[in-house]
Peer 1: 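Input: one structure, supplied below.
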2 protein chains.
Amino acid sequence: MTDLTHNEALQKTTVDQRLTERGIFVTAQRRAIADVLFARNQHLTADQLLMLVNETGAKVSKATIYNTLGLFAEKGLVREIHISSAKTFYDSNTSRHHHFYNMDTGDLIDMKERLAPLFLQSDLPDGTVMETADIVVRVRNQKP
Amino acid sequence: MTDLTHNEALQKTTVDQRLTERGIFVTAQRRAIADVLFARNQHLTADQLLMLVNETGAKVSKATIYNTLGLFAEKGLVREIHISSAKTFYDSNTSRHHHFYNMDTGDLIDMKERLAPLFLQSDLPDGTVMETADIVVRVRNQKP
DNA sequence: CGTGGCATTAGAATAGTTCTAAAATTGATC
DNA sequence: GATCAATTTTAGAACTATTCTAATGCCACG
């Protein structure tokens, strides 16, 4: 067994665990999707993910990409980021952080958490509990 | 001249000024849209606005609603709020403030500004300038 | 094996938004 | 007022991201 296959085996276990821990049934498609998605911290659209997954040789349909992203989001494995009506990103990094969006380039850049505010229970509307706090700071390239 | 028509005349001037100040050419449709939109601080979708405007007797097409909202947003008269891929709200209140979104009811609720963070120029990605900071805190109704 | 229940699929349907090309309106100028 | 160029508005088609549908596939378990 080479190091490569050893690493692959390790990652497979890790990814499987990640899903199982959240009560998600592991299937071939879900693993294929998770392998690509969780390979690193990244921001992907459903379409980009579909292409990347199918490039690995796996054969996964568009509907499954959406089903799976929806499931992962519900279980807290990915975060949805709504930039505009035509741009929904899925963020494989679910640690507490936020984003800068460069309107000129379309880049989505992570923001250090210390810049984000804390919302205390007492700050929230009466009778509600916080689910997520999403901050998008839109920036433009500085004019010369 | 009754008080009512007097008030209407006053409002018309105010709305016209608001557009003209931003270099927006006033037309009948733009005024009809602005009258409804700026009557009070509110969060409307393009569709809701279209219905409200046409209920006043004005006849404005869907395309014009979108054109005008785009123009107003570009000129800083309204703020776009992206809640999900299927929900873009236009906020007639452009003062610095942010939002709570109740995932259970769909309500969008204003957040006091003091809860929002300040983003200093030094915090932003290199070579960029801030355009807007959008914060949406998603909340759910507290379980009994 | 066979059955029940979920997962996956291709493609159709939906819905919000943008585009198109023609008609209408505008302010400026005579 | 009439004319002109430029801009705005319009109806409806086109587009696109996402969701739905109904059929098929895949397991686990008895």
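Values in this document were obtained by computation on a predicted structure and should not be read as measured data. Here is the naming used below: chain letters follow the sequence lines, and residue numbers restart at 1 for every chain. Hydrogens, waters and symmetry mates play no part in the numbers below; they use all other heavy atoms, side chains included.
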Peer 1: A:Arg31 has an atom CZ; how far is it from atom C1' of C:dT8, in whole Å?
Peer 2: 16 Å
Peer 1: Assign B:Asn67 to base, sugar-phosphate, or nothing according to its heavy-atom contacts below 4.0 angstrom with the strands shown.
Peer 2: base
Peer 1: Do A:Phe72 and A:Leu19 have side-chain heavy atoms sitting under 4.5 Å apart?
Peer 2: yes
Peer 1: Whole Å only: how far is the CG atom of B:Leu19 from the C1' atom of D:dT8?
Peer 2: 14 Å
Peer 1: Send over the distance from A:Leu69 CG to D:dT18 P, rounded to a whole Å.
Peer 2: 9 Å
Peer 1: Under 4.0 Å between a side-chain N/O of B:Tyr66 and OP1 or OP2 of C:dT17, yes or no?
Peer 2: yes
Peer 1: Look at A:Lys62 and C:dA12 and indicate whether a side-chain polar atom (N or O) is within less than 4.0 Å of OP1 or OP2.
Peer 2: no
Peer 1: Can you name the nearest heavy-atom pair linking A:Ile33 to A:Val53, along with the distance?
Peer 2: CA-CG2, 3.9 Å
Peer 1: Does B:Gln29 put a side-chain nitrogen or oxygen below 4.0 Å from OP1 or OP2 of D:dT10?
Peer 2: yes
Peer 1: Would you say B:Leu77 and B:Thr94 make side-chain contact, with heavy atoms under 4.5 Å?
Peer 2: no
Peer 1: Separation of A:Met51 atom CE from D:dA17 atom C1', in whole Å?
Peer 2: 14 Å
Peer 1: Would you say the side-chain atoms of A:Ser92 pair up with the backbone N or O of A:Ala39, donor to acceptor, closer than 3.5 Å?
Peer 2: no
Peer 1: What is the distance, to the nearest angstrom, from the CG atom on B:Leu50 to the C1' atom on D:dT10?
Peer 2: 12 Å
Peer 1: Both A:Tyr90 and B:Ile65 contact DNA chain D. Which one's nearest nucleotide lies toward the 5' end?
Peer 2: B:Ile65
Peer 1: Once you round it to whole Å, what is the distance between P of C:dG16 and CD of B:Gln48?
Peer 2: 10 Å
Peer 1: Between C1' on C:dC6 and CZ on A:Arg30, what's the gap in Å once rounded to a whole number?
Peer 2: 8 Å
Peer 1: Taking only N and O in the side chain of B:Ser61, is any of them less than 4.0 Å away from OP1 or OP2 of D:dT10?
Peer 2: yes
Peer 1: Counting only side-chain N and O atoms of B:Thr45, is one of them less than 4.0 Å from OP1 or OP2 of C:dG16?
Peer 2: no
Peer 1: Across the strands shown, which category fits B:Thr64 at heavy-atom distances under 4.0 angstrom: base, sugar-phosphate, nothing?
Peer 2: base
Peer 1: Are A:Tyr66 and A:Leu49 connected in the hydrophobic side-chain network, where two residues link if heavy atoms are under 4.5 Å apart?
Peer 2: no
Peer 1: Quickly work out the A:Glu80 CD to D:dT19 C1' distance and round it to whole Å.
Peer 2: 13 Å
Peer 1: Would you mind telling me which residue lines up with the more 5' stretch of DNA chain C, B:Ala28 or B:Thr88, judged by nearest nucleotide?
Peer 2: B:Thr88
Peer 1: With respect to the phosphate group of C:dT26, does any side-chain polar atom (N or O) of B:Thr27 fall under 4.0 Å of OP1 or OP2?
Peer 2: no
Peer 1: Reckon B:Ala63 touches a base, only the sugar-phosphate, or nothing at all at heavy-atom distances under 4.0 Å?
Peer 2: base
